[in-house]
Structure formats: C-alpha cells, structure tokens
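Residues: numbered from 1 along the sequence shown.
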Amino acid sequence: MTTRAEPGDIQSDQSDQGDPGLSAIMSERRRLINLGYRLLGSLADAEDVVQETYARWYALSAREQQAIESPGAWLTTVAGRICLNLLGSARARRETYVGDWIPEPLPEPTEWITGRSGPGGTDPADRITLDESVTMAFLVVLDAMTPAERVAFVLHDVFRYPFGEVAGIVGRTPAACRQLASSARRRIRTARSPAGPSAGQAGIVRQFRTAWEAKDIDALIGLLDLDATATADGGGLAVTHLHPLVGSERIARAYAEIARLSGDRTTFRECTVNGLPGLVAWQDGTVATVFAFEIAGDRIRRIWAVRNPEKLRPWRHNAPDPAVTMRQRRAGASREGVRRTKS
C-alpha cells in the first residue's frame, strides 16, 4: 500500500531532525487522525486508535521495522483494522447509549484543544482537515453504514486508496470492496440535500439565533423546513430530549421553551461546526451545547445538538467576552419587548 496525502495536509512541526526514521513515522500522525475521525466519528477515539497503532509499531523489533517497505502503508493498515473492529463493537455499545448518538462535533482547527497538545498550543498533527467528508450530515450517513461499507468507502472515495489495497484492510476481495463502496455512495446520494453557499447558510443560522434568542416562534417556524428534524445527544450526562423532534412547529415551540428556561444563563455564539456554520451555547462560562445544521435551500432541514460533555472537549477554550455577552443579552431583551408590544 502506498501512502496517500490528503488535500490541504500539513506535516507536524515536531519532527525529530536527528532521527529521519522517527520523523517519517511521526509525519503520518495527522493523516491517521483524519482517517480515524472519519471512520469513527470521534476525535477521542481517533486519538486512541493512533496511539494504539504507534504502540504496535514500536512493539516490533528493529529488524521487523526495517523489513517493512512502506511504514506509512503499514500504519494505515493497522489503524484501518483497529477502526473496523471498533465499529463492530460500537454497534453493541450504542444499544445501551442513552438517547441518540451523534458524531463528535469539531470546531475550526485554529480553535480546538485536544487535551494532548504541548505548551506551544495545538499540535498541527492533531487537527482534522475540514471538508465535505466531515460535515455532520455526511458523518451521520456514514454512521448508518455497515462497518465494512464505511471503511471501504472512506479509504477509497475520501483517501483514494485503490480497492486492491482496501481489500487487505477490510478482509474482502477487491470486487467485494468495490460493491461496498458503491452501496455507500448510494446512501450518500439518497441522503444528500442541495446545499447553498456557506455565506448564505451563515445568514440563515444567524437569523435562527436571533429568532431563538427572541423566543419568536413564528420566525423560527419560517426558518425551518416543514418536515425538519432536531436530534440531541446528551449521552445520559446532560438533560435533553431523548427522541428526535419532527416538524417545524414542534421544534420551534420546544426551542422557544428552552430559551425561556435557560434565561440569561445562556449565551449563543456563531461558529464553524465541522466546516459549516453552526452555533455554540455557553452556560456559566462553559460550553454546554454545540449545534450543527443541515440547510437545504433557504430552510433548515436538520439540527444536531450535542450536549454530551465528553464530546465537547475540543471546544473548551476561552469564554465569550463579558461585554459582548451583556450586549447580546440586552439586544435579546429589547427584541423580546418589541415582540410583546406588537402582540
């Protein structure tokens, strides 16, 4: 297997100039993190996979390492097989998961904290390349695939490995892997919504935020697709609705009630979630919820609200500026007063 570079990939700035072999091995870390996240939908799990992959490499003797023609290919094969095994066991774990499971959301690479970075800041090797293959909608569809489908599709269609090499990881014939990837593509095409430009989506998210802060149910309904779905993931560790909310009016009323109950404790911030416009809700100086959206045309089709604190680790950075927070609250109170006057 040859080593494939991904679009926009960068090398770690922590390479060991004194050991070219170590440098070559560690330069694979970012690509392996990218692969693991797309296969598992979890940055934490991807990091664990990469750690286990390197542990297996260093468990080899020096002679065994030297006999491996392409260390990068070896690392990818091992990481892919570990992910395949984890995907199989994940299905059993999901049966006991409280509520719906949503992939772990990612902020912009310049903002996240993995918890494993050095004193100089976030290690570039821990960052995920943000493209269509990591949008929340894409990851949710991937999660509905069989483990073999997901691995075959991601390795071939996203990372451009030929089916002959994919077969060695999945444990199927190249022809079978080709069929798996084809089935996965059909799932993607069926679920995909026609998305507008990112700037237009950001405007819709901004309008949603404004209407939500004002508890304006009619405005919220107008921004939602008639058959919109809102799914939340608390994992039993945070209070949220256990079942998806379906329908624009039901979602609007539920979200208006959430805004009423949270009061001044919650501050919203527009941000990038998995490469697309989203929202972060702060409560008492802590990230409480990350919202990802799927927007079709000029309507919100799906909302994913991640509240499980174990999935919000990359978002724990500096809290919003208190002055900005106060202005936002005053603006929200002003809008609420105007709305009540009109009614």
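- Between the side chain of Lys311 and the backbone N or O of Ile102, at least one donor-acceptor pair lies under 3.5 Å.
- Note: Glu47 CD to Leu32 CG = 12.5 Å, rounded to the nearest 0.5 Å.
- Considering all non-hydrogen atoms of both residues, Ala191 and Val141 come closest at CB-CG2, 3.5 Å.
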*asked:* Go through it in stages, so that I can follow the logic: the residues are Glu213 and Arg209, the test is salt bridge (charged side-chain N to carboxylate O under 4.0 Å, His left out), and I'd like the CA-CA distance, side-chain angles, deciding distance and then a yes or no.
replied: CA-CA 6 Å; Glu213 290 177 328; Arg209 168 190 171 178; 3.5 Å; yes

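- Hydrophobic cluster membership differs between Leu276 and Val306, with clusters built from Ile, Leu, Val, Met, Phe, Trp and Tyr side chains linked at under 4.5 angstrom.
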*asked:* Evaluate Phe138 against Val134 for side-chain contact (heavy atoms from CB on, under 4.5 Å), listing each step before the verdict.
replied: CA-CA 6 Å; Phe138 198 96; Val134 294; over 6 Å; no

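- Formation of a donor-acceptor pair under 3.5 Å by the Arg265 side chain with backbone atoms of Asp284 is not found in this model.
- Atoms OG1 and CD1, on Thr229 and Ile300 in that order, are 12.5 Å from each other to the nearest 0.5 Å.
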*Evaluate salt bridge (charged side-chain N to carboxylate O under 4.0 Å, His left out) for Asp157 paired with Arg38, printing each intermediate quantity in order.*
CA-CA 12 Å; Asp157 284 45; Arg38 286 163 174 81; over 6 Å; no

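- Between Ser182 and Arg186, the side chains place a donor N or O and an acceptor N or O closer than 3.5 Å (distance only, hydrogens not considered).
- The aromatic rings of Phe268 and Trp212 lie tilted to each other, with the angle between the two planes from 30° to 60°.
- Tyr58 is connected to Ile33 through a chain of hydrophobic side-chain contacts under 4.5 Å among Ile, Leu, Val, Met, Phe, Trp and Tyr, so both are in one cluster.
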*Audit row: Phe291, Ile303, side-chain contact (heavy atoms from CB on, under 4.5 Å) steps and yes/no*: CA-CA 7 Å; Phe291 298 89; Ile303 302 173; 4.2 Å; yes

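- Salt-bridge check for Glu52 with Arg56: passed, with a basic side-chain N closer than 4.0 Å to an acidic carboxylate O.
- If you chain together hydrophobic residues whose side chains sit under 4.5 Å apart, Met145 and Leu180 fall into the same group.
- Connection of Val246 to Leu224 is not established within any shared hydrophobic cluster, with ILVMFWY side chains joined at heavy-atom distances below 4.5 Å, either directly or through further cluster members.
- Interatomic distance, Thr146 OG1 to Arg91 CZ, rounded to the nearest 0.5 Å: 6.5 Å.
- A distance-only check finds no donor-acceptor pair linking the side chain of Asp143 to the backbone of Leu139 [under 3.5 Å].
- In this structure, Ile82 CD1 and Leu40 CG are separated by 10.0 Å, a value rounded to the nearest 0.5 Å.
- Within a 6.0 Å radius of CD in Glu310, no more than 12 heavy atoms belonging to other residues, nucleotides or ligands are found.
- For the pair Asn274 (side chain) and Leu106 (backbone), a donor-acceptor distance under 3.5 Å is present.
- Between the CD1 atom in Ile258 and the OG1 atom in Thr289 there is a gap of 8.0 Å [rounded to 0.5 Å].
- Ring-centre distance between Phe293 and Phe208: below the 6.0 Å cut-off.
- Atom OG in Ser262 sits 12.0 Å away from atom OH in Tyr255 (nearest 0.5 Å).
- Considering every non-hydrogen atom in both Pro309 and Ala238, the closest pair reads CD-CB, 4.5 Å.
- Under the 3.5 Å distance criterion, with hydrogens and angles disregarded, no donor-acceptor pair is assigned to the side chains of Arg81 and Asn85.
- Taking a 4.5 Å side-chain heavy-atom cut-off between Ile, Leu, Val, Met, Phe, Trp and Tyr, the cluster of Trp101 extends to Tyr97.
- For the pair Trp304 (side chain) and Pro103 (backbone), a donor-acceptor distance under 3.5 Å is absent.
- Gln65 places a side-chain N or O within 3.5 Å of a backbone atom of Trp57 that can act as its donor or acceptor partner.
- A side-chain donor-acceptor contact under 3.5 Å links Thr77 to the backbone of Ala73.
- Under a cut-off of 6.0 angstrom, the local environment of CZ in Arg172 is sparse, with at most 12 non-hydrogen atoms contributed by other residues, nucleotides or ligands.
- With hydrophobic clusters built from ILVMFWY side chains whose heavy atoms lie under 4.5 angstrom apart, Val140 does not share a cluster with Leu242.
- Within 6.0 Å of the CD atom in Glu69, the count of heavy atoms belonging to other residues, nucleotides or ligands does not exceed 12.
- Across all their heavy atoms, Gly297 and Ile204 have their closest contact at O-CD1, 3.9 Å.
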*side-chain contact (heavy atoms from CB on, under 4.5 Å) between Leu220 and Ile251, intermediate numbers included*: CA-CA 8 Å; Leu220 288 171; Ile251 295 172; over 6 Å; no

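- Of the N and O atoms on the side chains of Thr240 and Arg307, not one donor lies less than 3.5 Å from an acceptor on the other residue.
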*Run the numbers on His156 and Arg185 for side-chain contact (heavy atoms from CB on, under 4.5 Å), then give the verdict.*
CA-CA 11 Å; His156 180 267; Arg185 282 186 219 109; 3.8 Å; yes

